Amino acid sequence: SSGSSSGVPTLTNIVNCGYITTYMKMGADNDTNEVTKLQTFLKNTEKLDVDINGIFDEKTLNAVKSFQEKYVNDVMAPWGVTSPTGQVYFTTQKKVNEIYCKSNFALTAEQLASIEAYKKGIQDGTITVNTEGEVVSTSTSSDNSSTTVAASSTNNSLTASAAGTSIFSKMWSFIKWLFVYNR
């Protein structure tokens, strides 16, 4: 989709004003330009100790964690965790963009569904997290039914319902990418 011509807003035009446009974490194949923009923001706007080198290194990880601690209610709390992960996923990306763009942005229904699926996974034991809030193991149900949490925004309240679709596998892959390092 090339934008909001269909009436359905896209991730980029809802969540940001074009500053940070990708998700990033240490050890991933990050876009050098995106990491550079993140580092520039962390150093110049947040006054954190980070080198602007385009590499998601230890200093960048620690700066992101400091940022997440500072804005824990906006960045970590939606996930049901309070410990920073150091990973730039959509709530961290959204907060960086809101500060940089001096504007507020909403999460998409798909992003809200991912958050709900993650929280449900912790509650029902299919996702195990460590004290850092990182996923250390995941298990899937042994039955063949595929379920997902579908989110819709009604009067600013989130309604979650189970639906059998392949969106679950996409969200599950996203959640695993977010929290599980390829070791």
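The structure presented is a predicted model; accordingly, all values stated were derived computationally and were not measured.
Not counting sequence neighbours, the partners of K95 by the side-chain contact (heavy atoms from CB on, under 4.5 Å) test are F67, Y71, D74, V75, E98, I99. The salt bridge (Lys or Arg N to Asp or Glu O under 4.0 Å) check on K43 picks up nothing, with sequence neighbours excluded. Applying the side-chain contact (heavy atoms from CB on, under 4.5 Å) test to T32 and every residue at least two apart in sequence or in another chain returns T36. Residues forming a salt bridge (Lys or Arg N to Asp or Glu O under 4.0 Å) with D51 (at least two apart in sequence, or on another chain): K59. D124 is linked by a side-chain contact (heavy atoms from CB on, under 4.5 Å) to K120, T126, counting only residues two or more places apart in sequence or in another chain. Judged as a side-chain contact (heavy atoms from CB on, under 4.5 Å), and not counting sequence neighbours, the contacts of I55 are N53, D57.
For the pair Q111 and T91, the minimum side-chain heavy-atom distance is 4.5 Å or more. Inter-residue side-chain proximity for F56 and V64 is flagged as met; some heavy-atom pair is nearer than 4.5 Å. By the 4.5 Å heavy-atom criterion applied to side chains, V50 and N62 are not counted as neighbours. Between N30 and E34 there is no side-chain heavy-atom pair separated by less than 4.5 Å.
Neither I52 nor I20 shares a network with the other; the hydrophobic side chains, linked directly or stepwise wherever heavy atoms of I, L, V, M, F, W or Y lie under 4.5 Å apart, form separate groups for each.
Checking side-chain atoms of Q93 against main-chain N and O of V88 turns up no donor-acceptor pair under 3.5 Å. For K94 (side chain) and F105 (main-chain N/O), a donor-acceptor pair under 3.5 Å exists by modelled atom type.
For the residue pair M24 and T22, the shortest heavy atom distance occurs at CE-O, 3.8 Å. The heavy-atom pair separating N44 from K47 by the smallest distance is O-NZ, 2.6 Å. Between M76 and T85, the closest heavy-atom pair is CE-CG2, 3.7 Å. Annotation for S66 and L48: closest pair CB-CD2, 3.9 Å, computed over non-hydrogen atoms.
Of the inter-residue distances, the one linking I115 atom CD1 with F90 atom CZ reads 4.5 Å to the nearest 0.5 angstrom. One finds the CG atom of D31 at 14.5 Å from the OH atom of Y23 (value rounded to the nearest 0.5 Å).
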Test D49 against L42 for side chain to side chain contact (heavy atoms under 4.5 Å, CB included), laying out the working first.
CA-CA 8 Å; D49 179 26; L42 292 170; over 6 Å; no
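Annotation: cation-pi geometry not satisfied between K25 and Y89 (NZ/CZ under 6.0 angstrom from ring centroid, within 45° of ring axis).
Between Y100 and F41, the two ring planes are perpendicular [angle over 60°; tilted spans 30° to 60°].
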